[in-house]
A.B. asks: 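First the structure, which I've put down as structure tokens, then a few questions once you've had a look.
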Amino acid sequence: MTRVLCVAEKPSIAKSVAQTLGGGRVSLRESGNKYVKNYDFRFEFPEWGWCDVTMTSVLGHLTSIDFPESFAWGNCDPDRLFQAPIMTKGSGSDSAKVATNITNEAQRANHLMIWTDCDREGEYIGFEILEQAKKKNGFFNLNNTYRAQFSHLERSHIVRAAKNPIKLNKNAIDAVSTRMEVDLRTGASFTRFLTETFRARFKDTVPKVVSYGACQFPTLGFVVDRYKRVKSFVPEEFWYLSIEAKKGNSKVPLTWSKPSLFDRLVALVIYQECVQFSGNQATVTNVSSRPTSNWAPLPLTTVELQKCCSNIFKMGAKETVDCAEKLYNMGFISYPRTETDKFPKNMDFKSLIEKHAQSSTWGEYAAALANEPGKFRTPREGSHDDKAHPPIHPICFTDGASLNAKQKQVYEFVVRRFLACCSKDATGSLTTVKVRWGTEDFAASGLNVIETNYLDIYTYSKWESSKKLPAFEMGEIINLSKAELATGRTSPPEYLTESELIALMDANEIGTDATIAEHIEKILTREYAVKVPKGTGRSKVLQIVPTELGYGLVEGFNQIGFDRISLTKPFLRRELEGKLRNIVDGQKRKQEVLEEIIELYHQAFVQTKQNKSVVLDSYRKIVESNS
DNA sequence: GCAAGGTC
């Protein structure tokens, strides 16, 4: 019988796909690695009929790249790393066993089918698997290796993927190897140069490693940018008209329709006109009431999870993903690294919801959502789809007995978020009254919440009826209890919070859902930035501020003034991401992009070397100005 | 002692 070897990117996918395709008749074999299992079963493929199938997996990348020994740290001028040869090596300590398992299983196989995630890295991991499979089976090559296309684990979707495989995408493989090479050459050269330069001048007052990375520097750049804006902020005085209507016993403050003015005289002229014109009386020009709603949240992505846990629980991004990872491994939640904010079609929401009816906390809500007519609504759809994983959602109910406090919080959040997604929007009515005083318009509005719906379960969001507006009538003349020219001062921006940093990185394509937390962690462990608490109690937030070293590095690099790039801003990484997409689309070739980008970085490297005193002095000046 | 990308 024809033998087919299927290989997924991670054990959980192998297990799930094997169960689906094997229809319950699956036998399990150990692989030599603790996490990786081999699943044997039979499946009927359209082209090959009934086959003996082995489904196994790797653990992410099998290999990584590095320089040969003669180009190791200390053995050559960092400048040479832009042209040095590059070799492939096994990645991580446990990769050997995983790799051997692929080679052994492939030896007897007639066909190789790749089941890695449907993204760029997944294509490359597929290529690594093929290279490994070739070692004892010369038959396999890019043209006869199959690739299953799937974006979630729903049964019919998986069966369709098995029956309609395509080929590995050579362009995507090239794009990833381009990224790897750029990151290695630039990261290693600049890191060695900076470390040696800083340690030569400042010895033990700087950390052991002063690193550069195409993601960590822009991350640091965001932190420094905000810090500088706070530091250089000069408050400005502004003026505005402030009036308050008196109606029976209640006083209603009204907001001026124009923005505040920075010119006191202009504001004063307007104010005097109004007083002359209308005194302490104003006219109601419009009263309207309209239905309004507060939308239930979108399905949960990794980035959103990190932002929410940072805002709500003050958890670090790394801490959050670690908790999510644990919850996933225990089978409580779905795969936690996803960019997708829309659920697949024909997803069985009701059965997922029903599992939570047993909860003592949210059980009542879940039961009602699953069973009472008119409660459930299919979740809204966001616009992101990584084609690999569904949004994060609970798989099983747990009372949390086996979880620590943080994991419990994250789990509860995932559940509440999911139930909220499946609930109706909150509704209310918004009453707005418009008033004319002199030549100017003012307005006040009052919210009346009618149906709370999702807010009952998503207790992290607040949307409450504001103080009720008294009844006003069109054309009514009202008395003002206050009519004054008010003044205020503009306030400085706050230092960056982690959740804002995550949002900036996400928007600027710095890192991925799986790595954003690591880059933030990196600038902290490199002593480029620190987290400082602001406020106390419930209003406490953690802000990220640069250290003298982080500030000095960014300022120094900014002062050098490279030709058309900046190493501390996100644009270069974005440009690379764009070019990588061009490689995938076939609009550019790998070699062409490599030459362009490496040349750009090399020029920047040479310039940095020539101007190393600029960077060193920038740091020294900051240290001195603080002491 | 270096990067960033997977995953455990």
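To find a chain, count down the sequence lines: A is the first, B the second, and so on, and within it residues start at 1.
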A.B. asks: Please report the distance, rounded to the nearest Å, between CE in A:Met505 and C1' in B:dA4.
C.D. replies: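 Atom CE in A:Met505 sits about 11 Å away from atom C1' in B:dA4.
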A.B. asks: Does atom CD (A:Gln587) have a neighbourhood of more than 12 heavy atoms from anything else shown, all under 6.0 Å?
C.D. replies: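 Yes, the 6.0 Å shell around CD holds more than 12 heavy atoms from other groups.
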A.B. asks: Just call it for A:Lys522: base, sugar-phosphate, or nothing, with non-hydrogen atoms closer than 4.0 Å on any strand.
C.D. replies: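 Counting heavy atoms under 4.0 Å across all strands, the contact made by A:Lys522 is with sugar-phosphate only.
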A.B. asks: Hey, does A:Lys10 reach any base, or is it just sugar-phosphate, or nothing, if we go heavy atoms under 4.0 Å?
C.D. replies: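 Sugar-phosphate contact only.
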A.B. asks: What nucleotide, of B:dC2, B:dC8, B:dT7, holds the atom closest to the side chain of A:Val209?
C.D. replies: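 Between B:dC2, B:dC8, B:dT7, the one nearest the side chain of A:Val209 would be B:dC2.
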A.B. asks: Would you kindly give the CG-to-C1' distance between A:Leu576 and B:dG5, to the nearest whole Å?
C.D. replies: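 Going from CG in A:Leu576 over to C1' in B:dG5 covers 13 Å.
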A.B. asks: In whole Å, I'd like the distance from the CD atom of A:Glu69 to the C1' atom of B:dG1.
C.D. replies: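 Atom CD in A:Glu69 sits about 14 Å away from atom C1' in B:dG1.
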A.B. asks: Using atom CZ of A:Phe217 as one end and atom P of B:dA4 as the other, report the distance to the nearest whole Å.
C.D. replies: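 Taking CZ of A:Phe217 and P of B:dA4, I get 10 Å after rounding.
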A.B. asks: Name the closest nucleotide to the A:Asp66 side chain, picking from B:dG5, B:dT7, B:dC2.
C.D. replies: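 Of all the options, the side chain of A:Asp66 is nearest to B:dC2.
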A.B. asks: Kindly point out which of B:dG6, B:dA3, B:dC8 is positioned nearest to the side chain of A:Glu9?
C.D. replies: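 Closest nucleotide among those given: B:dG6.
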A.B. asks: How long is the span from the CG atom in A:Leu81 to the CD atom in A:Gln83, to the nearest 0.5 Å?
C.D. replies: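 Separation between the atoms: 10.5 Å.
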A.B. asks: Nearest-Å distance, CG (A:Asn75) to C1' (B:dG1)?
C.D. replies: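 Going from CG in A:Asn75 over to C1' in B:dG1 covers 13 Å.
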A.B. asks: Going by 5.5 Å between centroids and 30° between planes, is there a stack of A:Tyr212 over B:dA3?
C.D. replies: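 Whether judged by distance or by angle, A:Tyr212 falls short somewhere, so it does not stack on the base of B:dA3.
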A.B. asks: Between B:dG5 and A:Thr515, is there an OP1 or OP2 to side-chain N/O distance shorter than 4.0 Å?
C.D. replies: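 So the side-chain polar atoms of A:Thr515 do come within 4.0 Å of the phosphate oxygens OP1 or OP2 of B:dG5, strictly under.
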A.B. asks: Would you say a side-chain N or O of A:Arg337 is under 4.0 Å from OP1 or OP2 of B:dC8?
C.D. replies: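 A:Arg337 to B:dC8 OP1/OP2: side-chain N or O found under 4.0 Å.
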A.B. asks: We want to know whether A:Glu339 and A:Thr301 form a side-chain donor-acceptor pair, criterion being a heavy-atom distance below 3.5 angstrom.
C.D. replies: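 Result is no, nothing qualifies.
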A.B. asks: Measuring from the side chain of A:Thr512 (C-beta onward, heavy atoms only), which nucleotide among B:dA4, B:dC2, B:dG5 has the closest atom?
C.D. replies: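 When the side chain of A:Thr512 is considered, B:dG5 is the closest of B:dA4, B:dC2, B:dG5.
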A.B. asks: What is the distance from CG of A:Leu81 to P of B:dA4, rounded to the nearest Å?
C.D. replies: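 Going from A:Leu81 (CG) to B:dA4 (P), I get 15 Å.
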A.B. asks: Does the pair A:Asn144 and A:His111 meet the rule for a side-chain hydrogen bond (donor to acceptor under 3.5 Å, both in side chains), with working shown?
C.D. replies: CA-CA 8 Å; A:Asn144 61 22; A:His111 299 292; over 6 Å; no
A.B. asks: At 4.0 Å (heavy atoms only), tell me whether A:Tyr335 reaches a base, stays on the sugar-phosphate, or touches nothing.
C.D. replies: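 It contacts sugar-phosphate atoms only.
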A.B. asks: So what does A:Ile510 hit on the nucleic acid, given a heavy-atom distance under 4.0 Å: a base, only sugar-phosphate, or nothing?
C.D. replies: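 The answer is nothing, as A:Ile510 stays clear of every strand by at least 4.0 Å.
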A.B. asks: How would you list, by chain and number, every residue that makes a ring-ring contact (aromatic ring centres under 6.0 Å, His included) with A:Phe190, sequence neighbours excluded?
C.D. replies: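 Partners of A:Phe190 by the ring-ring contact (aromatic ring centres under 6.0 Å, His included) criterion, ordered by chain and then number, come out as A:Tyr212, A:Phe605.
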A.B. asks: Is the shortest side-chain N/O distance from A:His519 to OP1 or OP2 of B:dG5 below 4.0 Å?
C.D. replies: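 So the side-chain polar atoms of A:His519 do come within 4.0 Å of the phosphate oxygens OP1 or OP2 of B:dG5, strictly under.
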A.B. asks: Could you say whether A:Arg199 or A:Tyr328 is positioned toward the 5' end of DNA chain B, judged by the nucleotide with the nearest heavy atom to each?
C.D. replies: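 Whichever sits nearer the 5' end wins; that is A:Arg199.
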A.B. asks: Can you find a side chain N or O atom of A:Thr116 that sits less than 4.0 Å from OP1 or OP2 on B:dG6?
C.D. replies: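 False: A:Thr116 side-chain N/O out of range (4.0 Å or more) of B:dG6 OP1/OP2.
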A.B. asks: Check this one for me: any side-chain N or O of A:Arg526 less than 4.0 Å away from OP1 or OP2 of B:dG1?
C.D. replies: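 Checking B:dG1 against A:Arg526, no side-chain N or O comes under 4.0 Å of OP1 or OP2.
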A.B. asks: In whole Å, what is the span from the CZ atom of A:Arg80 to the C1' atom of B:dC2?
C.D. replies: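 Interatomic distance, CZ of A:Arg80 to C1' of B:dC2: 17 Å.
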A.B. asks: What is the nucleic acid contact for A:Gly74, judged by heavy atoms within less than 4.0 Å: base, sugar-phosphate only, or nothing?
C.D. replies: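 The answer is nothing, as A:Gly74 stays clear of every strand by at least 4.0 Å.
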A.B. asks: Name the nucleic acid region contacted by A:Pro78, choosing base, sugar-phosphate or nothing; use a 4.0 angstrom heavy-atom cut-off, strictly under.
C.D. replies: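 Counting heavy atoms under 4.0 Å across all strands, no contact is made by A:Pro78.
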A.B. asks: Could you tell me the separation between the CG atom of A:Leu220 and the P atom of B:dA4, rounded to a whole number of Å?
C.D. replies: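 For the pair A:Leu220 CG and B:dA4 P, the rounded distance is 12 Å.
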A.B. asks: Name the nucleic acid region contacted by A:Arg179, choosing base, sugar-phosphate or nothing; use a 4.0 angstrom heavy-atom cut-off, strictly under.
C.D. replies: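 Base, at least one base atom sits under 4.0 Å.
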A.B. asks: Step through the shown structure and confirm whether more than 12 heavy atoms of other residues, nucleotides or ligands are within 6.0 Å of NZ on A:Lys590.
C.D. replies: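 More than 12 within 6.0 Å, yes.
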